[in-house]
Amino acid sequence: MGDENLGSSEKCNSSKKFKVIIIGCGIAGLSSANYLLQNGMEDFLILEARKRIGGRIISIPMKSHNVELGANWIHGVLGNPIFELAMSHNLVNIINIPKPHKVIAATENGKQVPFGILHEIHEAYVCFLRRCEEYFLCQYLPPPDIHSVGEHINLEATLYLERLPSSEEKKLRRLIFDCLLKRETCISGCHSMDEVDLLELGSYTELQGGNIMIPSGFSSILDPLKKNINDKKILTNHAVRKIIWDSDVNQSLKSLDDTGEESEDSDQTVIEDNSKISPDKSLKPNIENSLQDMTQQPKKKYNNYVEIVCENGQSFHANHVICTIPLGVLKEKASSLFEPKLPSYKIESIEKLLFGVVDKIYLEYERPFLNPDITEIMLLWETPTTPEDMSQSWYKKIYSFSKVSETLLLGWVSGKEAEYMETLSMEEVAETCTKILRKFLNDPFVPEPQKCVCTSWREQPYTRGSYTAIAVGASQSDVESLAQPIFRNVHDKKPVLLFAGEHTHSSYYSTAHGAYLSGQIAARRLLAPDEASEGTLDCPDSADLNSWIQGIQLEG
């Protein structure tokens with residue numbers, strides 16, 4: 001099992017038996033499917049829990065235009081496969097001319113901060129953040145008892161502000177630092193930057209080129225990813241309840257193998273149950289008992305296949321499974337989803353990594369009311385002296401409102417405050433946001449929105465959050481652990497269970513291009529020849545460049 005020629009055109013006997021089953025039709029699953037198709041392998045099926053494809057990529061229509069509820073930007077240009085895909089399908093212009101961006105910052109009493117002060121603190125903040133990233137690459141250690149990005153930036157901000165003589169000057173600048181830290185929680189995907197490990201911040205690789213908007217919306221990237229996949233190869237409304245990747249019979253068979261043999265592939269994770277073999281007894285009684293047990297067990301129809309059991313009662317079988325289930329769902333269901341259970345190192349990494357909540361608030365108006373030159377209003381909330389009830393303070397996590405259009409505003413909220421917001425009605429959120437805008441703009445005539453749309457990524461049962469961050473105590477190796485494929489035994493040349501998704505890319509976690517590349521990596525691993533041909537250079541770390549050179553064929 002696992003060593004078959006994946007490129008074979010031979011079809012399985014049953015319509016529910018496939019060479020590869022991909023769980024999840026988000027960007028990682030679509031990327032895997034496209035890679036298989038491009039290399040002549042069509043015997044696969046995608047199982048998607050939702051009624052739609054796309055995962056955390058989704059748009060909905062509003063009066064003025066479509067709005068993105070999930071992924072918003074292409075993060076970087078050079079070496080970014082999403083940018084290249086968008087370029088090749090004329091979704092973006094090769095010359096990206098950013099629109100003028102004028103940000104104002106206002107205090108709760110409606111006073112606007114001078115731009116010079118805002119620029120000064122932003123420059124200092126960026127410098128502090130870059131210093132945090134340097135710890136990942138450098139040998140020196142941070143100050144004692146400083147373990148998180150939030151602690152480090154707050155320490156730097158305190159030292160920076162000490163030089164100022166006036167308490168009012170300090171207070172105003174402190175409010176800007178606090179606002180920028182709230183913004184950073186939405187970028188990182190966490191409740192507080194105190195949760196993000198200082199030594200690991202630099203493990204995320206930022207691609208050059210800035211954040212690129214797709215004029216037709218990020219969701220338009222799904223069309224070129226879907227167009228080559230036959231509709232029959234995607235089953236929606238098929239939430240997976242159980243992944244039985246190693247049957248009891250296989251466990252018995254493995255106890256007959258030479259358990260002292262080690263895998264030749266150092267990356268392999270092989271599940272062996274050596275505890276059933278007693279060192280005090282000879283091998284012969286164990287073999288006889290195992291054979292007797294096997295003859296008494298009912299034979300399973302597809303004994304050497306992974307069985308996927310869906311919540312709707314349907315079952316499917318495959319030689320290999322690519323699992324793109326989000327980290328938030330794995331945190332909630334990994335212990336019951338896999339049979340046998342995942343190895344302990346994977347479970348530990350799932351528990352250690354962060355999968356935070358970041359939600360959007362869209363406010364649609366009948367007519368424009370903001371100055372046309374202003375594109376964003378930063379909200380400088382006062383820091384409370386005593387703890388506040390969440391019902392009276394959740395909205396203070398909204399760090400700004402930015403213009404999507406002249407009649408559409410977008411606010412962001414993260415962490416526990418976002419989770420609380422998800423329990424409120426759209427009307428309550430709209431009323432609260434109107435009060436906020438009237439307060440900070442010092443304008444009692446700010447209109448109420450015609451429509452308010454809020455996301456609810458924590459409540460969504462098939463995401464349970466937004467994207468991955470490395471928590472204090474976790475590391476890049478935890479992301480790498482999640483990406484490790486699992487082999488059923490040491491003799492298999494190809495893994496039985498592979499993992500993809502943004503949470504499995506150690507350099508681009510939390511991004512769509514990380515998810516895309518992880519899907520390619522998983523599919524490539526299944527299609528790779530069992531033995532490298534002579535003269536082939538094996539460069540696993542160059543996988544990120546694959547999209548850049550994809551399609552270029554060199555013939556000798």
Side-chain angles (χ1 to χ4, degrees), residues 56 58-73 99-108 110 112 179 182-183 185-187 211 213-219 357-381 390-460 466:
R56 282 163 275 174
I58 177 176
S59 67
I60 62 166
M62 293 185 77
K63 187 177 72 173
S64 55
H65 56 278
N66 285 359
V67 297
E68 299 296 329
L69 301 184
N72 222 69
W73 295 284
K99 294 180 180 179
H101 188 50
K102 182 178 179 181
V103 182
I104 63 168
T107 60
E108 287 189 57
Q112 189 173 322
C179 181
K182 289 176 187 176
R183 177 176 177 266
T185 64
C186 291
I187 295 170
N211 293 330
M213 293 284 291
I214 299 178
S216 54
F218 196 94
S219 295
V357 186
V358 179
D359 280 322
K360 297 179 181 180
I361 304 169
Y362 283 104
L363 303 171
E364 187 173 53
Y365 296 89
E366 184 178 6
R367 58 179 175 79
F369 66 90
L370 279 176
N371 186 314
D373 295 334
I374 296 172
T375 56
E376 185 176 3
I377 310 156
M378 289 178 61
L379 311 175
L380 305 184
W381 294 100
M390 186 65 75
S391 64
Q392 302 299 315
S393 65
W394 71 267
Y395 49 85
K396 294 183 180 180
K397 195 67 170 290
I398 303 172
Y399 67 87
S400 82
F401 285 103
S402 58
K403 278 184 184 175
V404 178
S405 73
E406 288 302 317
T407 56
L408 187 64
L409 297 183
L410 169 60
W412 298 78
V413 62
S414 65
K416 293 182 176 66
E417 291 83 358
E419 293 183 36
Y420 181 82
M421 184 202 69
E422 293 183 16
T423 68
L424 304 176
S425 68
M426 302 290 185
E427 291 75 20
E428 287 178 278
V429 175
E431 183 181 342
T432 299
C433 290
T434 300
K435 291 178 180 177
I436 292 170
L437 287 166
R438 288 174 177 174
K439 183 185 187 76
F440 280 87
L441 294 174
N442 197 19
D443 182 358
F445 300 106
V446 168
E448 295 180 357
Q450 280 188 322
K451 189 175 183 179
C452 174
V453 173
C454 306
T455 60
S456 55
W457 288 110
R458 178 66 183 89
E459 287 297 310
Q460 295 298 313
S466 300

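Keep in mind that what you see is a predicted model, and the values were worked out from it rather than measured.
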Ignoring hydrogens and angles, tell me if any N or O in the side chain of R56 forms a donor-acceptor pair with the backbone of A71 under 3.5 Å.
-> no
Just checking, is any N or O donor in the side chain of Q460 or S456 under 3.5 Å from an acceptor N or O on the other one?
-> yes
Nearest heavy-atom contact between E376 and S400 is OE2-OG, 2.7 Å
From CA spacing to verdict: side-chain contact (heavy atoms from CB on, under 4.5 Å), L409, L370 = CA-CA 10 Å; L409 297 183; L370 279 176; 3.9 Å; yes
For the student: nearest non-hydrogen atoms of V103 and T375, plus distance = N-OG1, 4.3 Å
Checking side-chain contact (heavy atoms from CB on, under 4.5 Å) for the pair L363/T434: CA distance, chi angles, key distance, verdict?
-> CA-CA 9 Å; L363 303 171; T434 300; over 6 Å; no
Okay, side chain of R438, backbone of V446: is any donor-acceptor separation there less than 3.5 Å?
-> yes
How far does NZ of K102 sit from CG of N371, to the nearest 0.5 angstrom?
-> 6.5 Å
Verify side-chain contact (heavy atoms from CB on, under 4.5 Å) between Q450 and Y365, making sure each step is shown before the conclusion.
-> CA-CA 5 Å; Q450 280 188 322; Y365 296 89; over 6 Å; no
Might you confirm whether atom CZ of R183 has over 12 heavy atoms from other residues, nucleotides or ligands at distances under 6.0 Å?
-> no
Distance-minimising heavy-atom pair for M378 and C179 | CE-SG, 3.5 Å
Looking at K182, K397, R458, which hits salt bridge (charged side-chain N to carboxylate O under 4.0 Å, His left out) with E417?
-> K397
Locate the shortest heavy-atom distance separating Y420 from S391; write the atom from each residue and the value.
-> OH-CB, 3.1 Å
Under 3.5 Å, side chain of S219 to main-chain N/O of S59, donor-acceptor pair present?
-> yes
Inter-residue atom distance E448.CD - E427.CD, 0.5 Å rounding = 11.0 Å
Only counting residues at least two apart or in another chain, list the ones meeting salt bridge (Lys or Arg N to Asp or Glu O under 4.0 Å) with K435.
-> E431
Where the side chain of D359 meets the backbone of W457, is there a donor-acceptor pair that is under 3.5 Å apart?
-> yes
Validation row: P447, E366 side chains within 4.5 angstrom (heavy atoms) = no
Which atom names give the shortest non-hydrogen contact between P61 and K451, and what distance separates them?
-> O-NZ, 4.3 Å
Do the side-chain N and O atoms of N72 and K360 include a donor-acceptor pair separated by under 3.5 angstrom?
-> yes
Sequence neighbours excluded, which residues qualify as salt bridge (Lys or Arg N to Asp or Glu O under 4.0 Å) partners of K396?
-> E388
Working for side-chain contact (heavy atoms from CB on, under 4.5 Å), residues K63 and T407 = CA-CA 10 Å; K63 187 177 72 173; T407 56; 5.7 Å; no
Check: L408 and V67 side chains under 4.5 Å, non-hydrogen atoms = yes
How many angstroms lie between CG in L437 and CZ in F369, if you round to the nearest 0.5 Å?
-> 5.0 Å
Set of residues satisfying ring-ring contact (aromatic ring centres under 6.0 Å, His included) with respect to Y395, sequence neighbours excluded = W381
Over all heavy atoms of both residues, which pair between F440 and L380 is shortest? Give the atoms and the distance, please.
-> CE2-N, 3.5 Å
Could you give the distance from CG (L441) to CD1 (I104), rounded to the nearest 0.5 Å?
-> 6.0 Å
